[in-house]
There are 2 protein chains.
Amino acid sequence: MGRTMPDNAIRPRKEFGKTIAADITHRLREEIVTCGLAPGEPLRFDVLRERFGASFTTLREALTALAAEGLVDAQEQRGFRVAPVSRQDLVEVTDARVLIEVELMRRAIQKGDDDWEIAVISTLHRLKRIEQRDPEHPLRDPEWKIAHRQFHQALVSACGSATLLAIRAELFDRAERYRHLSANFRPRPRDKAGEHQAIMQAAISRNADLAVQLIETHIRSTADNVAKYAGHLLETE
Amino acid sequence: MGRTMPDNAIRPRKEFGKTIAADITHRLREEIVTCGLAPGEPLRFDVLRERFGASFTTLREALTALAAEGLVDAQEQRGFRVAPVSRQDLVEVTDARVLIEVELMRRAIQKGDDDWEIAVISTLHRLKRIEQRDPEHPLRDPEWKIAHRQFHQALVSACGSATLLAIRAELFDRAERYRHLSANFRPRPRDKAGEHQAIMQAAISRNADLAVQLIETHIRSTADNVAKYAGHLLETE
DNA sequence: CGGACCACTATTTTCGAAAATAATAGCGGT
DNA sequence: ACCGCTATTATTTTCGAAAATAGTGGTCCG
């Protein structure tokens, strides 16, 4: 314990054992992915300092990390901005996701053990529960978002490659930003529940070809929806 | 120009227009990839400060960026260290490289135009020239290293996806570190020149299946060599 | 009127000191 | 002697001031 820490520290500024920088990275990523910070928006230090209550250098560290993930655009000597969106980027991200996720799905189906099956089933169960509660605007519900992420994560978790899982996670975040972008304009959510159910069944029954085909359709149709309902937001460079 | 900058600034501390942090990131990456900094070695700020002549926060920013690339391991509240190596990691990196590079090779062969062909041919030409000069220890020669990287980069450059190219580049660096690890123990370089020539020819003649097969063999045999001649260095962690 | 140059302002980038945390050594009780 | 605890030291992490750089507007000359 530090020798000068006062006993009356009101509340922890951050999670125990984590650095402030890591915490800010987390929060900033969340804001960017959910479009709380709009694509292309400049990230000025004064503003961030006010919003996150951290100093220049700490913020800078967080921004650098997010730049490496492709969520932030670092313009040397001219600061940072939220990574811009574009049709081209959406296509690239979708394409890369299909390539990697399809491969990981195959590997997970081949390698997955009992724990994997349980994880897939239980994460889907939770997702469905949340959807029953509020079937209108799932993307607005932070709980749905987390459950949705966890279901897709569980599906491929047994693939055996931490390296590829990390890459997949980055691409997932970048794609999620596009989903949020179109969420306000999409008239009604399509039948995601049914798709998830079908993917789960194909995976558990070890039908790799079917599971892979469903996943690919799932990813591509999501991207198509974004292009359709948020196309007007994709023209700016 | 800053109002207090003295006229007698001896030499630029860094390349024009780039931040010091970006410069340090570059130099640190180089040192790690070439194993000038050994895998697992702790990266203490005093030492780095001395070696690179930058301050805490600037170094921290560079380390954070490299952590996102997988070359540095950040242990919260306990500093940074060079990412450790392991048999498992080597397998994962090799696997991921094959998956991605094979796909990019196909796309490049399908999309590549005249400029692409010229880039492939000319980068291979330079590579061969350098090999003629000093056929013994190519990995020791920084020029060979650059030319080798540029040839492989040129091969896939026409794939059309900046996203996948960035991922590929990261994996290339991580693999190159393993090559350096085994360079000191490998008795003689195998016939890389011939392999490169064959890959080039298959690519230029648009024989995708052959090119892809050669690339995969090329990547896997490199990894096998590392495991064979540097296996004793992979047991830690 | 236009456009190069300069002074001034806004903003980012870097630095080293200070705070927080982890690692280590020394001490006292059982 | 050995374990647990506290004081000390080593190291990382954070901060805000200061330096460097980019941006802006105004002025002077052709």
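Naming convention: chains lettered A, B, ... in sequence-line order (proteins, then strands); numbering from 1 in each chain. Only heavy atoms go into these numbers, but all of them, side chains included; no hydrogens, no water, no symmetry mates.
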Using a heavy-atom cut-off of 4.0 Å across all strands, would you classify A:Phe80 as base, sugar-phosphate, or nothing? sugar-phosphate

Over 60° means perpendicular and under 30° means parallel, so classify the ring planes of A:His196 and A:His152, tilted if in between. perpendicular

Going by heavy atoms closer than 4.0 Å, what residues in residues 39-49 of chain A are next to DNA chain C? A:Leu43, A:Arg44, A:Phe45

Just how far, in rounded Å, is P of C:dC15 from CZ of B:Phe52? 14 Å

How many whole angstroms separate atom CG of B:Leu59 from atom P of C:dC15? 9 Å

From the set D:dA17, D:dT21, D:dC15, return the single nucleotide nearest to any side-chain atom of A:Thr58. D:dC15

Could you check whether A:Thr57 gets within reach of a base, just the sugar-phosphate, or nothing at all, counting any heavy atom under 4.0 Å? base

Integer-rounded Å distance: D:dA20 C1' and B:Lys18 NZ: 18 Å

Does the side chain to side chain contact (heavy atoms under 4.5 Å, CB included) test come out yes or no for B:Arg107 and B:Leu164, once each step is laid out? CA-CA 11 Å; B:Arg107 295 191 194 182; B:Leu164 282 170; 3.7 Å; yes

Could you tell me how far apart A:Gln75 (CD) and C:dT11 (C1') are, to the nearest whole angstrom? 13 Å

B:Leu63 CG to D:dT11 C1', straight-line distance once rounded to whole Å: 14 Å

Ranking A:Phe56 and A:Ala21 by the position along DNA chain D of their nearest nucleotide, the one closer to 5' is A:Ala21

Check the orientation of B:Phe185 and B:His232. Use parallel for under 30°, tilted for 30 to 60°, and perpendicular for over 60°. perpendicular

Tell me whether the guanidinium CZ or amine NZ of B:Arg27 lies under 6.0 angstrom from the six-membered ring centre of B:Phe52 and within 45° of its axis. no

What is the separation between atom CD on A:Glu76 and atom P on D:dA20, rounded to the nearest whole Å? 18 Å

Looking at A:Arg78, does any N or O in its side chain come under 4.0 Å of the phosphate oxygens OP1/OP2 on C:dT12? no

Just by distance, no angles: are the side chains of A:Glu61 and B:Thr64 close enough, under 3.5 Å, to form a donor-acceptor pair? yes

Atom-pair distance (CD on B:Gln77; P on D:dT12), nearest Å: 12 Å

Do NZ/NE/NH1/NH2 and the carboxylate oxygens of B:Asp73 and B:Arg81 come within less than 4.0 Å? yes

For D:dT13, take OP1 and OP2 only and decide whether either is under 4.0 Å from a side-chain N or O of B:Arg60. yes

Hey, can you tell me if A:Phe80 and A:Phe45 have their rings parallel, tilted or perpendicular (30° and 60° cut-offs)? perpendicular

Without decimals, in angstroms, what is the distance between A:Glu61 CD and D:dC15 P? 11 Å

